[in-house]
Amino acid sequence: MFAAYSAAINGNRVLLLEKNEKLGKKIYITGKGRCNLTNDVSESEFIKNVVSNPKFMYGAVFALSPEKTMDFFENNGLHLKVERGNRVFPVSDKASDVTKTLQNVLIRIGVEIMLNSEVASIIFRESSVTGVVLSEGRTIDCDSVIVCTGGVSYPLTGSTGDGFKFAKSAGHSIVSPKPALVGAELQGDDFRPLQGLTLKNVGISVFLNEKCVYDDFGEMLFTHFGVSGPIILSCSSIINRMNVSSLILSVDLKPALESSVLDKRLLRDFTLNNAKSIYGVLRLLLPQSVISLILTRAKIKEKTKCAEITREERCALVSVIKNLKFKMKRLRPIAEAVVTAGGVNVKEINPKTMESKLVQGLYFAGEVIDVDCFTGGFNLQTAFSTGFVAGKNA
Ligand SMILES: Cc1cc2nc3c(=O)[nH]c(=O)nc-3n(C[C@H](O)[C@H](O)[C@H](O)COP(=O)(O)OP(=O)(O)OC[C@H]3O[C@@H](n4cnc5c(N)ncnc54)[C@H](O)[C@@H]3O)c2cc1C
């Protein structure tokens with residue numbers, strides 16, 4: 001939609017082909033239905049949140065920055081608000097208003113929109129685009145095509161990887177798609193009683209052969225398959241090219257307390273409550289559902305009286321509370337991932353124009369490109385910025 005807008009205001013006759021019955025189906029489910037459409041940060045801060053190929057994004061983000069994007073929406077009647085972490089939402093809290101705003105702009109500037117119109121292939125002649133073929137068989141002539149077909153995540157919204165097929169047919173290489181911003185499954189069963197537990201202000205570290213490959217601080221949760229929540233989603237974007245089943249996730253339940261301080265705190269609690277069971281006393285410090293697992297890992301019986309806890313047992317407890325370890329199994333499937341990492345190889349796209357370096361008149365924008373970002377509105381902004389540049393140059 002942004003690519004069509006940009007191409008139209010630059011004097012082109014534009015046809016937007018959408019295979020769904022309506023525009024922007026994925027937008028409706030973004031930001032839990034509220035659409036976190038961008039992040040109110042500078043261009044350089046933005047780039048820090050691009051996980052794959054940040055350098056490729058430089059030109060596009062400077063061409064259409066978050067600030068310019070916000071101006072665009074405000075000027076077209078969508079009032080915005082900035083929330084925690086500079087996340088930008090419509091004041092109405094309705095993702096549908098974002099789609100409506102874009103659609104209204106497109107209609108006003110004369111973009112022709114064809115719904116229920118699936119592109120089957122792109123026609124090339126002597127390394128130039130000459131048209132597209134629709135699935136129903138019709139051919140449409142054109143001198144430029146902007147492929148904005150998304151990745152392969154949440155395919156029910158329309159992103160079924162068609163763009164990868166089109167890119168391949170033009171000779172492009174595709175960096176193999178991987179799930180990003182997705183939960184992770186854990187090995188074993190001992191995490192299962194923790195299902196539904198949300199942990200705020202915890203630290204996580206991920207180890208490969210005892211080397212830390214990722215660490216973060218924030219909120220996570222346990223689910224029926226393993227772990228999810230903001231810091232796990234971010235982590236998935238980094239570990240998705242690793243052998244996940246070799247990784248160890250270590251959760252620090254008390255990151256604000258150094259081990260020695262935590263040890264003193266436990267000693268004090270145990271002394272004050274020496275006739276009570278350790279299980280009851282740990283409830284002062286930890287969520288109830290995690291206590292059994294911690295005591296099992298520290299090899300302490302739940303009914304043990306605090307007075308009976310040895311120094312070694314206390315050390316073991318501190319160690320488990322600061323390093324609650326789980327073997328990872330795999331990331332959840334790509335269809336469940338918030339974004340697709342991988343896609344059309346950026347080495348084959350001109351970052352100043354988004355044009356293919358292989359075929360004249362062929363452009364790419366959005367998630368179909370091998371660029372993915374952390375959460376916070378950066379992925380939609382990437383789609384807007386690359387779409388804006390592609391439209392301007394098409
Ligand atoms: C649950 C969820 C929540 C998210 N929340 C946020 C958020 O709050 N903030 C954020 O920044 N990002 C969020 N994202 C990510 C963001 O939605 C995507 O990165 C963004 O939509 C990508 O835009 P796109 O235009 O490249 O692709 P899409 O939005 O996937 O759009 C591609 C379009 O192309 C159409 N299409 C595909 N193939 C064809 C074909 N052959 N012919 C015709 N049409 C075709 C599809 O039907 C679809 O409408 C979220 C994603 C999910 C799944």
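Remember, it's a predicted structure, so these values are computed and weren't measured experimentally. As the structure lists them, so they are numbered: ligands from 1, and atoms in each ligand from 1.
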Q) How does Val339 reach ligand 1, if at all, at less than 4.0 Å between non-hydrogen atoms: by side chain, backbone, both, or neither? A) side chain

(Q) Measuring from atom 41 (N) of ligand 1, which candidate in Asp162, Thr340, Val182 has the nearest non-hydrogen atom? (A) Asp162

Q | Aromatic contact, His79 with Phe73 (centres under 6.0 Å) | A | no

Q.
Only heavy atoms of Phe378, strictly under 4.0 Å: list the atoms of ligand 1 that pass.
A. 11 (O)

Q: Pull out every atom of ligand 1 sitting under 4.0 Å from any heavy atom of Gly377, numbered as shown with elements.
A: 9 (N), 10 (C), 11 (O)

Q: Tell me which protein heavy atom sits closest to atom 37 (C) of ligand 1, plus the residue, atom name and distance to 0.1 Å.
A: Gly158 O, 3.2 Å

**Q.** Aromatic ring proximity, centroids under 6.0 angstrom, Phe72 and Tyr5
**A.** yes

Q) Which residue holds the protein heavy atom closest to atom 11 (O) of ligand 1, what is that atom called, and what is the gap in Å? A) Leu380 N, 2.7 Å

Q: Name the orientation class of the two ring planes belonging to Phe2 and Phe388 (parallel below 30°, tilted from 30 to 60°, perpendicular beyond 60°).
A: perpendicular

**Q.** Closest to atom 48 (C) of ligand 1 among Glu336, Glu18, Lys25, Lys26 (heavy-atom distance)
**A.** Glu18

Q.
For the residue pair Ser92 / Asp97, report whether a side-chain donor-acceptor contact shorter than 3.5 Å exists.
A. yes

**Q.** Per-atom contacts of ligand 1 with Leu17, taking only distances under 4.0 Å to non-hydrogen atoms
**A.** 43 (C), 44 (N)

**Q.** Distance-only N or O hit between ligand 1 and Glu118, under 3.5 Å
**A.** no

Q.
Whether Asp93 and Lys81 form a salt bridge (side-chain N of Lys/Arg under 4.0 Å from carboxylate O of Asp/Glu) is what I want to check.
A. yes

(Q) Between the side chains of Asp372 and Lys178, is the shortest nitrogen-to-carboxylate-oxygen separation below 4.0 Å, so that they form an ion pair? (A) no

Q) Any idea which protein heavy atom is nearest atom 5 (N) of ligand 1, and the distance to it? A) Gly31 N, 3.2 Å

Q) Yes or no on salt bridge (Lys or Arg N to Asp or Glu O under 4.0 Å) for Arg330 and Glu185, after CA distance, side-chain angles and deciding distance? A) CA-CA 5 Å; Arg330 59 179 160 240; Glu185 296 177 26; 2.9 Å; yes

Q | Atoms of ligand 1, numbered as shown, that sit under 4.0 Å from any heavy atom of Ala383 | A | 23 (O)

Q. What residue and heavy atom of the protein are closest to atom 26 (O) of ligand 1, and at what distance?
A. Glu367 N, 2.8 Å

**Q.** Identity and separation of the nearest protein heavy atom to atom 28 (P) of ligand 1
**A.** Gly150 CA, 4.2 Å

(Q) Main chain of Ser245, side chain of Gln187: is a donor-acceptor contact present, judged purely on distance under 3.5 Å? (A) yes

**Q.** From Gly387, Gly151, Ala95, Cys148 - option closest to atom 31 (O) of ligand 1 by heavy atom
**A.** Cys148

Q: Do me a favour and list the nearest non-hydrogen protein atom to atom 17 (O) of ligand 1 with residue, atom name and distance?
A: Thr30 CG2, 3.3 Å

Q.
Looking only at the side chains, is there a donor atom on one of Thr340 and Ser153 sitting less than 3.5 Å from an acceptor on the other?
A. yes

Q. Short list, please: which atoms of ligand 1 are under 4.0 Å from a heavy atom of Asn379?
A. 11 (O), 12 (N), 19 (O)

(Q) Below 3.5 Å, N or O to N or O, backbone or side chain included: is there any such pair between Ala365 and ligand 1? (A) no

(Q) Measuring only between side-chain heavy atoms, which start at C-beta, is Val227 closer than 4.5 Å to Leu186? (A) yes

Q. Are the side chain of Lys68 and the backbone N or O of Phe62 linked by a donor-acceptor pair below 3.5 Å?
A. yes

(Q) For atom 50 (C) of ligand 1, what's the nearest protein heavy-atom neighbour? Residue, atom name and distance, please. (A) Val338 CG1, 3.4 Å

Q: State the atoms of ligand 1, each with its element, that fall below the 4.0 Å cut-off from a heavy-atom position in Ser159.
A: 30 (O)

(Q) Check this for me, if you would: do Lys25 and Glu21 make a salt bridge, where the nitrogen-to-carboxylate-oxygen distance has to be below 4.0 angstrom? (A) yes

**Q.** Part of Phe166 within contact of ligand 1 (heavy atoms, under 4.0 Å)
**A.** side chain

Q. So which heavy atom in the protein is nearest atom 53 (C) of ligand 1, and how far is it from that ligand atom?
A. Tyr154 CD1, 3.3 Å

(Q) With side chain to side chain contact (heavy atoms under 4.5 Å, CB included) as the criterion, how do Val371 and Val50 come out once you've worked through the C-alpha distance, each side chain's angles and the decisive distance to 0.1 Å? (A) CA-CA 7 Å; Val371 172; Val50 181; 3.7 Å; yes

Q. Does Ser117 come within less than 4.0 Å of ligand 1, judged by its heavy atoms?
A. yes

Q: Using a strict 4.0 Å threshold on nitrogen-to-oxygen distance, state whether Arg87 and Glu83 make a salt bridge.
A: no

Q | Element-labelled atoms of ligand 1 that are located less than 4.0 Å from some non-hydrogen atom of Gly366 | A | 26 (O)

